Amino acid sequence: MKKNTIIMSIAFIGLVCELAFAQNAKPKQKLNETPTASIERGKAIYLKECLSCHQADGGGVPHINPPLAGNTVLLNDKTKIIWVVLKGMTDRIPIDDEYYSNNMASHAYLSNQEIADVLSYVRNSFGNKATVITAAEVKSVRGVKKK
Ligand code: HEC
């Protein structure tokens, strides 16, 4: 009987420790996901999906494809740029006081994480400096039905 109680106690303490550890482990996993990791992954996506139009230096092509370097919307309107990557852009509205003749196609086939990564990359490349974008932010914009 006494032996059983001891074994049960040890098992119980073990369970408590495990739960405490699991609680601790969660924030640690998030900390591993540094902004740098997302930006690094984003570079590979940029080379494959965006470089042909926006160019290696983010400078774009005059009157055809807008630059991402120093782009005001890119640096200031997260929702808009997530929307542009998801839906494409054919608006013919001025981008930093200049018009561009090409169309950007939808990239909705990229995952939320891939879009977060590539946008985090362009917001932190070509001299740009801005906060990263998370997969959760992309998910919430993707969920918007209208338009
Ligand atoms: C086929 C060429 C092409 C490709 C590929 C392309 N874009 Fe674009 N992108 C454009 C054009 C052209 C516009 C502007 C369209 C307009 O003025 O209507 C634009 C607009 C944008 C804008 C909005 C800029 C603003 O100021 O509103 C962002 C951000 C952007 N692109 C990022 C990307 C990213 C990131 C990728 C890769 C996932 C990508 N683009 C791929 C041609 C392209």
Side-chain angles (χ1 to χ4, degrees), residues 8-147:
M8 288 301 285
S9 304
I10 291 171
F12 181 70
I13 289 166
L15 181 70
V16 169
C17 287
E18 208 171 308
L19 285 174
F21 182 77
Q23 291 272 314
N24 264 338
K26 272 186 192 160
K28 267 185 202 148
Q29 273 172 352
K30 269 193 186 159
L31 276 182
N32 280 339
E33 176 61 22
T34 59
T36 325
S38 174
I39 293 168
E40 285 279 307
R41 287 193 304 267
K43 182 173 186 176
I45 300 164
Y46 183 81
L47 298 180
K48 191 163 168 267
E49 305 283 345
C50 325
L51 174 139
S52 59
C53 294
H54 294 290
Q55 303 297 300
D57 64 354
V61 179
H63 311 295
I64 301 173
N65 301 310
L68 298 181
N71 182 307
T72 311
V73 173
L74 175 65
L75 292 170
N76 294 298
D77 194 341
K78 283 185 173 190
T79 308
K80 168 81 195 282
I81 60 172
I82 293 168
W83 188 262
V84 166
V85 173
L86 284 169
K87 303 291 170 184
M89 183 171 170
T90 57
D91 290 355
R92 297 297 174 276
I93 54 169
I95 295 175
D96 289 321
D97 300 325
E98 183 61 76
Y99 288 88
Y100 297 90
S101 61
N102 203 0
N103 291 333
M104 178 168 157
S106 159
H107 290 71
Y109 54 85
L110 295 173
S111 70
N112 293 334
Q113 187 64 59
E114 287 172 323
I115 292 174
D117 291 346
V118 76
L119 285 175
S120 297
Y121 171 73
V122 295
R123 276 161 66 88
N124 289 282
S125 303
F126 328 123
N128 292 345
K129 191 100 200 76
T131 55
V132 294
I133 288 181
T134 65
E137 287 171 311
V138 178
K139 189 180 177 194
S140 70
V141 176
R142 201 192 283 265
V144 176
K145 285 278 187 294
K146 73 175 172 71
K147 206 176 175 183

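Please read all numbers here as calculations on a predicted model, not as lab measurements. Both ligands and their constituent atoms are indexed starting at 1 by order of listing.
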Taking N65 for the side chain and V61 for the main chain, is one N or O donor matched with an acceptor at less than 3.5 Å? no

Any side-chain heavy atom of M104 sitting closer than 4.5 Å to one from V85? yes

Note: ligand 1 atoms sitting under 4.0 Å from heavy atoms of T90 are 18 (O)

In terms of atom number and element, which parts of ligand 1 are under 4.0 angstrom from non-hydrogen atoms of I81? 29 (C)

Proximity of T72 to ligand 1 by residue part, where a heavy atom lies under 4.0 Å: neither

So is D96 close enough to ligand 1, meaning a heavy atom under 4.0 angstrom away? no

When distances are taken from atom 5 (C) of ligand 1, the protein heavy atom at minimum range is E49 O, 3.2 Å

Non-neighbouring partners of H107 that pass ring pair (Phe, Tyr, Trp, His ring centres under 6.0 Å), sequence neighbours left out: Y109

Nearest heavy-atom contact between V122 and N128 is O-ND2, 2.9 Å

Please collect all ring-ring contact (aromatic ring centres under 6.0 Å, His included) contacts where either partner lies in residues 35-56, sequence neighbours excluded, each pair once. Y46-Y121, Y46-F126

With sequence neighbours left out, the residues meeting salt bridge (charged side-chain N to carboxylate O under 4.0 Å, His left out) with E137 are K78

Give me the atom names and distance for the closest heavy-atom approach of V141 to W83. CG1-CE3, 3.7 Å

Interfacing atoms of ligand 1 (cut-off 4.0 Å, heavy-atom, R92): 16 (C), 18 (O)

Minimal non-hydrogen separation, A116 against A135, with atom names: CB-N, 3.5 Å

Could you tell me whether E98 atom CD has more than 12 heavy atoms of other residues or ligands within 6.0 Å of it? yes

Could you list which atoms of ligand 1 come closer than 4.0 Å to a heavy atom of N71? 24 (C), 25 (C), 26 (O)

Which atom names give the shortest non-hydrogen contact between D117 and R41, and what distance separates them? OD2-NE, 2.7 Å

Tell me, with the steps shown, if L75 and K129 meet side chain to side chain contact (heavy atoms under 4.5 Å, CB included). CA-CA 8 Å; L75 292 170; K129 191 100 200 76; over 6 Å; no

For atom 12 (C) of ligand 1, closest protein heavy-atom neighbour: N102 O, 3.1 Å

Which heavy atom of I133 sits nearest a heavy atom of S120, and at what distance? N-OG, 2.9 Å

Listing residue and atom name, which protein N/O/S atoms are closer to atom 8 (Fe) of ligand 1 than 2.8 Å? H54 NE2, M104 SD

Only heavy atoms of H107, strictly under 4.0 Å: list the atoms of ligand 1 that pass. 38 (C), 41 (C)

For I64, the ligand 1 atoms whose distance to one of its heavy atoms is below 4.0 Å: 12 (C)

Check ligand 1 against K80 and write out every atom of the ligand that is under 4.0 Å from a heavy-atom position of the residue. 27 (O)

Among L47, N103, I115, D91, closest by heavy atom to atom 18 (O) of ligand 1 is D91

Close approach of V122 to ligand 1, heavy atoms, under 4.0 angstrom: no

